[in-house]
Amino acid sequence: MNEILTPAIDWAMVGPILTLTVTACVVLLVAATPARRGPLPFILTLAGLGAATGSLLALWERSVHQSAFGNMLVMDRAALYMGGIVLFSALLSVLLSRQYLERVPAPAAEYYALLLLAAMGMLVMASSNNLLVIFMGLEIFSVALYVLSGITRDWLRSLEAALKYFLLGAFSTGFILYGMAFIYGATGSLDLLACCRQARDLLAGQGDSGMALVLLLGLALMIAGLAFKVAAVPFHWWVPDVYEGSPTPVTAFMAVGTKGVAFLVLLRLVTTTFGDVLVAQWTMVLAVLALLSMFVGNLVALVQRNIKRMLAFSSVAHAGYLLVAVAAGTDLGTSAMLFYFAAYMLTTLGAFGVASLVAETTEKGDQGYGMERYAGLSRSNPGLALAMSVFMLSLTGVPPLAGFVGKYFIFQAALQRGLEGSRIFLVLSVVGILLSVVSAAYYLRVIVTMYMVNPEGERPRVVTAPDTGFAIAVAALGLFYLGLYPTAVYDMTRSLHTTLQALAALWLG
Amino acid sequence: MSFLHLIWLIPILPFAGFVINGLLGKRFLPRPVVSGIACLAVLASLVLAVGAIRDLHDEQGLADMLNNGTALSALGVRPSADGFGAVLGPTDPDRGLVLEASIPRARQIQWLWLSVGSVSVKWAYSLDPLSAIMLLVVLGVGFLIHVYSIGYMAHDEGFARFFAYLNLFMAMMLVLIMADNFLVMFVGWEGVGLCSYLLIGFNYREMFNPARHQSCADAGRKAFIVNRMGDFGFMLGMLLILVTFGSLDFGQVFRGVHALAEAPGSQSLLTAMALLLFVGAIGKSAQIPLFVWLPDAMAGPTPVSALIHAATMVTAGVYMVCRCAALFAAAPLALTVVAVVGGMTALLAAAIACTQTDIKKVLAYSTVSQLGYMFLAAGVGAFSFAIFHVMTHAFFKALLFLGAGSVIHALAGEQDIRRMGRLTRALPWTFGTFAVAAVAIAGIPPFAGFFSKDSILAAVFFEQPILWGAGAFTAGLTAFYIWRLVFLTFLSTDRVEKERRGHLHESPWSMLAPLVILAFLATVGGFLGVPAFLAESVPGLHAAAEWLPGYLEPVFRDARVAGTGMGALGFHGQAAVHGGVTAAGEWGLMALSVLLAVAGIAWAWLLHGRGGELAARMAAGLGSGYRLVRDRFRIDELYDRIILKPFYFMCRAADAFDRFVIDLMVNTVAIATEITGHVLKLFQTGSVRAYALSMFIGVVALLAFLVMS
């Protein structure tokens, strides 16, 4: 009688993912009981996110390289860093959601369960080292987000957003899947690192030369699909409509989480698999995408009068800045991107949080995202106006806030590549800084409106629940922390590029 | 424990004032407490600064002794890690107080701010003669203007907000001045810009320029955005410096500049750095072509115009150029650009000032013009004269603005000089002090402006004769426009509206006392820098010979312009090089500039002293030329047409594409859905297809691009 060999599974490795899954299931069970109306789902969600964060931190302490399931999942520091950002943003958006859900016709328990599942999918994608696992994570969180963006079923606009998101998302998933198939076809492997070795052989001429073209196609399609997820031009069309139509806390979470893990996968793809093949090609493609995104995002944001649409185009512009850093491909670029992302997370969550508070609910849906609604906010809610000013100034890149330090890192990385002789990076840094000057105009407009425009009629005081206020305050103070003492987080991101590279080196020998 | 250990408190105290007044001022604190906190915070900083400057010169000996090999470990003094100074007191490498050898400079490191690989940026302050002079000017004039504001703002409902902003401005300006590296300077640089914006838009509800539908808030926004254009240059310059030298510390960068300057082919790099930084200075100090924001900045309350837009913030650009003197001196081409921009701005702005009818606008263009002088000085390498003029200008221009504020206050908001006149009897103190300032700016000896302007012109004469011509002509114009202002405002005929004449009153003492003190400073301030030849020939002045340039000399010692011997010693070192210039030549130059000033005043009296008929006839005679100058050379309109309009057109085009090509279909969908209520309709409409199509085109383009390459 032969014993069946079970592979050794390190359960602690998937601790955060398991915790989120279990919590989501429990919350869904609660949704079937009368307790769904009480605070229980909210508390359970917070507890689950807290526990997941705890086990993530434990993993961070354990070691630098850890992989599970035969290298399908890698829990390296990069995965944990981005996972931490995902969990933190989930935590903040849950805090923002409770008050929001009281006035919106949406089933709260299901909402939380979906949010947990989305976060879980993001964790899977962040730590995947295998094309199939990437796809799995992508689908888990995408499907959850499709549903979340349409969870207010009675609102047409929300449904429209959900449907658009779903259709276009499916379209882009098609690109990614197709790209994966090409890469698999060319290299015969699904493992990102194994692909790397094969790709190198292929391009060194030790294989079928036609396959090199297939590999190129695969790379291009994957970049296109990921560019959709990070909202880069010309794959950004869905962004304004979906951001505007989705429930605001969901928008905030979506804007951060999706973009974050997609950027991480892009980073893994270009630094490990394509770390030393086709470099000139992907650099150019990413640079062009960055240029377009910064350009279109900033210019179109300038003429928006709806705060959610303005933030949507601003997020397109920020995808451009982040792409500059990824395109640089240096360790400075990697750490700049990861650092900037932390700043981006805080500002996005904070700004959408304020937007969700200032808005009001009518039968037709969420109203009051027009700029004029911000008139006089400084007098009715000085604290909220101050926090919003901090977010806007950080997005503009005014020192000593995190946005400034992050931009500084990014353009430093770009300028360094530029001075090494790469002309496109000179263009990128000059255009980028110039456009961030332009961006001052529309971010400032919010501050001007809050402080210097008189409201028509009485501006009612916005009621802020303690948990919502706490989340916004954390975001605002975090920006000061990252701006004044960036070293702690920056050092963390510094080690991550080495991690990614070391992983590749480890595999390649 | 010396005051040097406390310099970190200098910016913190006004900041604390900002926090207290900003949070509690409006609701919980009575007005006297608010103004008391604000003024005392600045006063305390002033006391600290004076103490620290005294201790700086007392303790500098320590670093020198250490450098000479004397062991001072018993006193707790060690050599600093970089070998350029002494460390005082217990410290670790990232914190503490360092005294430099050979230059009286103390550097206090607060914390390690950014650390990127081998590059680390510290939050650090430094105190040396250059920052000491700026500190004293900013804190001294700032304190007086704080006191003045108590009276000026007494009737304003935003009293607490005003003082909070004012204190925040002081904190940021002090950070800018004491910064020990480019990044900390940039924090202050942006901070003062932000405060300027907040204070320009202080009366945001009021229209500032009804003809063009501009509110005060718009003026603030204009200032901020124009400034951001300058900051773009500053930031690029900073990044270029960082990438080149691997550091942003002033000390390390300027040592790097010296090393680099000797390498062949380094000129273009150094010139690029200097010019990029200068773009920042152009924005902040309102020079051609970015000066358009400063006249509009007059929308702010008058004490703000005096403090920020005359005496302190706008001189930050000059200060930055002087702080980077070593860099600019190593890039002669950049220096020439500085001089030309400065000279042109001085002339152009002075011409505009001659035609304006708003009392504050005249002063605003005058400020632009005087800032041009400062850059002119810096541009010929006479950095210490530039700082000298920063100082004297702070005195007399703050005085002019505060005087104008007193007039406006007395006339209940009237700013048009065509509706003033015959105010001497009602406002004797205001008139007296205003006249002192007008004499000072006109350049009549022995008032402050005479010495600083004359030093600059003398230095320019030997370096850039053509620019000297522009500068000398500007001096005549300056005397003309400022006395035109005096005559029209205080003398001439009575053109005040009846009801305003009724409640005409002299300002309260809290406003007059600062005027008197500033008038005193504007009278004697020039004696800090009496030219050597003059000091030698006038008995009793010997000790005053070039005190300020001498005091600043250690800072600019390394910033001699290659090949000419110009720089720290300015004109007199220069004269020694040329050799041919005699004291007679210097006397001649001086006599000429006094003559020009007197001629300007006489011309002003002729045109405006008794009535305006002659002036009106002249204006009519000059015709379109006069109108062009009066309309400020229509530069605002030009910018509107060639920059803003096409820019907004481009934005709208991008938006229109999104809206009409993409959103039109979406909107059709939205309406259709509302009518039918059938969500499934979404499947059948074009919108998503349009999105998908554009994405598809994107992918095809991407693939084509990759395969082609």
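Per chain, numbering begins at 1; letters A, B, ... match sequence-line order. Scope of the values below: all heavy atoms of this structure, side chains included, with no hydrogens, waters or symmetry mates.
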Partners meeting side-chain hydrogen bond (donor to acceptor under 3.5 Å, both in side chains) with B/Ser196 (sequence neighbours left out): B/His309

Salt bridge (charged side-chain N to carboxylate O under 4.0 Å, His left out): pairs with one or both residues in residues 226-242 of chain B, sequence neighbours excluded: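 Qualifying pairs: B/Glu190-B/Arg228.
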
Which of B/Leu236, B/Ile697, B/Leu242 touches chain A most, by non-hydrogen pairs under 4.5 Å: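 So the answer, after comparing B/Leu236, B/Ile697, B/Leu242, is B/Leu242.
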
Which atoms of [X] approach chain B - backbone, side chain, both or neither, heavy atom under 4.5 Å:
{"X": "A/Phe175", "value": "side chain"}
{"X": "A/Leu434", "value": "both"}
{"X": "A/Asp491", "value": "side chain"}

Main chain of A/Ala328, side chain of A/Arg417: is a donor-acceptor contact present, judged purely on distance under 3.5 Å?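 Answer holds: yes.
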
Exam field: side chain A/Lys407 to backbone A/Thr396, donor-acceptor pair closer than 3.5 Å: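 Answer holds: yes.
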
Among A/Ile223, A/Val437, A/Val233, A/Leu221, which residue forms the greatest number of heavy-atom pairs with chain B at distances under 4.5 Å? A/Val437

Using every non-hydrogen atom in the two residues, find where A/Gly297 and A/Val316 come nearest and quote the distance to one decimal.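 Distance-wise, the nearest heavy atoms are CA-CG1, 4.0 Å.
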
